[in-house]
Participant: 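Here you go, one structure.
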Amino acid sequence: MRDSFREAVARNGSARPIVSYQCAQANDAVRKSIVDAFTCDFPVLPAASETLLQTPPPASAGRAPAQ
């Protein structure tokens, strides 16, 4: 998954805000599923991930400029 995020940004650098948000969502989903499945505990999310999850990227982020 990490490689696909890196490839997406490499193909289109302006997609970084969307890819960052998707990465934070995926990280949060995996953490929650592990906690639910194994009843284990993790430290809180890093501040950067929390910030990304609270503010989705603008709808225009990552789009190619009109030609």
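These values consider heavy atoms only, across backbone and side chains, with no hydrogens, waters or symmetry-generated copies.
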Participant: For R2, what residues pass the side-chain contact (heavy atoms from CB on, under 4.5 Å) criterion, not counting sequence neighbours?
Facilitator: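 With sequence neighbours excluded, R2 shows a side-chain contact (heavy atoms from CB on, under 4.5 Å) to R6, given in chain and number order.
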Participant: Checking E7 now: which residues fulfil side-chain hydrogen bond (donor to acceptor under 3.5 Å, both in side chains) with it, not counting sequence neighbours?
Facilitator: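 With neighbours one apart ignored, the set is empty.
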Participant: With clusters defined by side-chain heavy atoms of hydrophobic residues (ILVMFWY) lying less than 4.5 Å apart, directly or transitively, does V9 cluster with F5?
Facilitator: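 Yes, because F5 and V9 connect within a single hydrophobic cluster, where side-chain heavy atoms sit under 4.5 Å apart.
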Participant: Distance from Q25 atom CD to S20 atom OG, nearest 0.5 Å?
Facilitator: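 One finds 11.5 Å between CD of Q25 and OG of S20.
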Participant: I'd like to check the side-chain hydrogen bond (donor to acceptor under 3.5 Å, both in side chains) partners of D28; sequence neighbours left out, ordered by chain and number.
Facilitator: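 Testing D28 for side-chain hydrogen bond (donor to acceptor under 3.5 Å, both in side chains), a comparison that skips the adjacent residues, returns K32.
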